[in-house]
There are 2 protein chains.
Amino acid sequence: MDTSSTKPRRSARTPDRILDVAQRLMQTRGYNGFSYADVAAEIGVRKASLHHHFSTKAALGAAVIARYTARIAEALAEIDAGEPDAAARLVRYTRLYTGVLTQGRLCLGAMLAAEIGTLPQPMQAAVRKFFQANLAWLEAVIERGRSTGALAPQGTDAEAARVLLCGLEGAMLIARPLKDIKGFRVTARALLAGLGRRG
Amino acid sequence: MDTSSTKPRRSARTPDRILDVAQRLMQTRGYNGFSYADVAAEIGVRKASLHHHFSTKAALGAAVIARYTARIAEALAEIDAGEPDAAARLVRYTRLYTGVLTQGRLCLGAMLAAEIGTLPQPMQAAVRKFFQANLAWLEAVIERGRSTGALAPQGTDAEAARVLLCGLEGAMLIARPLKDIKGFRVTARALLAGLGRRG
DNA sequence: GTCTATACAGCGATAGAC
DNA sequence: GTCTATCGCTGTATAGAC
């Protein structure tokens, strides 16, 4: 999932800059691994100023995941609009992940999934929504691919969607400790191959 | 990965009890999500006493991941000793994951992988070693399965090993926010099916 | 909208008595 | 090996001036 920001121009409004920095820190260090002090230092304001825009850390976290999910939805809609072929749609989907990983980031959903038990309740619900949206889109694409003959996965559409989502999120998760982005690309390709005609 | 403890009997020595509690907290809340105070309260001692056994939190964290990796190695050796068939070995491997998940825990490796950028350097290296050990074992099992005809995965043995590892870790990661352990089981089964004869 | 100043809780860690 | 006591720091959050 890219969508780190459409254009991280310095002239962005302060709330957006806060969201950008908070999102990057959440994707690299986790929700429990960053503080208002980190964000403030990077934006160039004082901690207290952040509270004017996002009253609590929980509110900031919720805003970040909400924007992230919305941007993913936009990205998926763009893929649908630009790619008629199901297999090509999935390739573009995996490229979203590659984009994030090459920035040294983890998918925000994956990071928050790991921390799920420590998150404020609204964020927990948002994480769940995020994965459900991804699964729903993938399932629809796979269904389409099966009907046109572009894809022939084993098992149900829902199962194939989940295998792909879990495989990509897991590959991203593991790529960073292994310091092996190339391995992620290979794994992503193998996952797509598994959905192919001979799958 | 189970190995939460061979026997969590209450009469265990204090260092072991500390390790047990710390491990469970690390698997449920993450390294950045628990404190000495949490462990001390649960063990029934004071924070200062923990420092007598593990001088720093980093040392405690390193001890937990080292023990975890060693126990996994034991579990894999047991599988090798007890199961000649490659496919059956993989089934037992996935059961290790199911055991952890049904305890409400995440694989320790997966949790620490998410937090990797915030961990003390020795822990980062240990996480990497953990995944390398898992991949090496899986690759050997898959190679054996291919040679006996029990398995016929697409791609190389290394690719198939990585797809399985990433798929299982990712499925575990996502199962908790989705509150869907059943979905994990289905996904694990689908991943194994993908390595089968028609794969 | 940003600042200074501050409150207050929690953190990891240490000293020294028992 | 465990305790009490405490240190220094960082965390989130608030009050009120500018």
Side-chain angles (χ1 to χ4, degrees), chain A residues 9-65 111-112 114-115 117-124 126, chain B residues 9-66 111-112 115 117-124 126:
Chain A
R9 64 195 187 285
R10 200 168 43 83
S11 60
R13 302 179 37 68
T14 303
D16 292 330
R17 294 175 61 198
I18 295 171
L19 287 170
D20 291 342
V21 172
Q23 180 180 329
R24 202 193 64 244
L25 290 172
M26 285 169 67
Q27 289 183 262
T28 51
R29 306 181 51 88
Y31 180 77
N32 296 322
F34 88 101
S35 71
Y36 265 42
D38 296 328
V39 178
E42 205 160 328
I43 302 282
V45 297
R46 297 291 166 175
K47 282 190 297 173
S49 305
L50 300 184
H51 286 281
H52 175 75
H53 302 283
F54 300 93
S55 60
T56 65
K57 191 186 178 186
L60 174 56
V64 168
I65 176 73
M111 181 66 87
L112 298 181
E115 298 181 290
T118 69
L119 300 179
Q121 225 290 319
M123 288 188 69
Q124 295 189 23
Chain B
R9 64 193 187 288
R10 200 168 45 82
S11 61
R13 299 184 54 266
T14 304
D16 293 330
R17 294 175 61 200
I18 296 170
L19 287 171
D20 291 342
V21 172
Q23 179 179 329
R24 200 192 65 244
L25 291 172
M26 284 169 68
Q27 289 183 263
T28 51
R29 305 180 52 88
Y31 181 77
N32 296 322
F34 88 101
S35 71
Y36 265 43
D38 297 327
V39 178
E42 206 160 328
I43 303 281
V45 296
R46 297 291 165 171
K47 278 193 300 172
S49 305
L50 300 185
H51 286 281
H52 174 77
H53 302 284
F54 299 95
S55 59
T56 65
K57 192 185 178 187
L60 174 56
V64 168
I65 175 74
M111 182 65 87
L112 298 182
E115 299 181 289
T118 69
L119 300 180
Q121 224 290 318
M123 288 187 68
Q124 295 188 23

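In what follows, every chain begins at residue 1, and chains take the letters A, B, ... in the order their sequences are listed. Treat the numbers as computed from the prediction; the structure is a model and nothing was measured.
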Q. Does a nitrogen or oxygen in the side chain of A:His52 sit under 4.0 Å from OP1 or OP2 of C:dT2?
A. no

Q | Any B:Ser35 side-chain nitrogen or oxygen under 4.0 Å from OP1 or OP2 of C:dC11 | A | yes

Between NZ of A:Lys57 and P of D:dT14 the distance, given in whole Å, is 15 Å

Kindly say whether A:Thr56 contributes a backbone atom to a donor-acceptor pair with the side chain of A:Tyr36 at under 3.5 angstrom? yes

Tabulate protein N/O versus nucleotide N/O from nucleotides 5-7 of chain D, keeping only pairs under 3.5 Å, one per line.
none

To the nearest angstrom, the NE2-C1' distance between B:His51 and D:dT4 comes to 14 Å

Side-chain donor/acceptor of A:Gln124 to backbone N/O of A:Leu119, under 3.5 Å: yes

Check: Hey, is the main chain of A:Tyr31 close enough, under 3.5 Å, to the side chain of A:Glu115 for a donor-acceptor pair?
Finding: yes

Distance col, row A:Phe34:CZ vs A:Gln23:CD, nearest 0.5 angstrom, shows 11.0 Å

**Message:** Does C:dC3 have OP1 or OP2 under 4.0 Å away from a side-chain N or O of A:Ser49?
**Reply:** yes

Rounded to whole Å, OH of A:Tyr36 lies from C1' of D:dA13 at a distance of 9 Å

Between the CG atom in A:Leu50 and the CG atom in A:Asp38, the distance rounded to the nearest 0.5 Å is 10.5 Å

Phosphate OP1/OP2 of C:dT2: any A:Thr14 side-chain N/O under 4.0 Å = yes

Rounded to the nearest 0.5 angstrom, the CG-CG distance for A:Leu112 and A:Asn32 is 9.5 Å

To the nearest angstrom, the CG-P distance between A:Asn32 and C:dG10 comes to 15 Å

Separation between OG1 (A:Thr14) and NE2 (A:His52), nearest 0.5 Å, reads 9.0 Å

Atom CZ of A:Arg29 and atom C1' of D:dG11 are separated, to the nearest Å, by 14 Å

task = Using a 4.0 Å heavy-atom cut-off across all strands, classify A:Phe54 as base, sugar-phosphate, or nothing.
result = nothing

Whole-Å distance, B:Leu50 CG to D:dT2 C1', equals 11 Å

Regarding the side chain of A:Val45, the nearest nucleotide among C:dT2, D:dG1, D:dT4 is C:dT2

In whole angstroms, the gap separating C1' of D:dC3 from CD1 of B:Ile43 amounts to 16 Å

Rounded to whole Å, the CZ-P distance (A:Arg46 to D:dA17) equals 20 Å

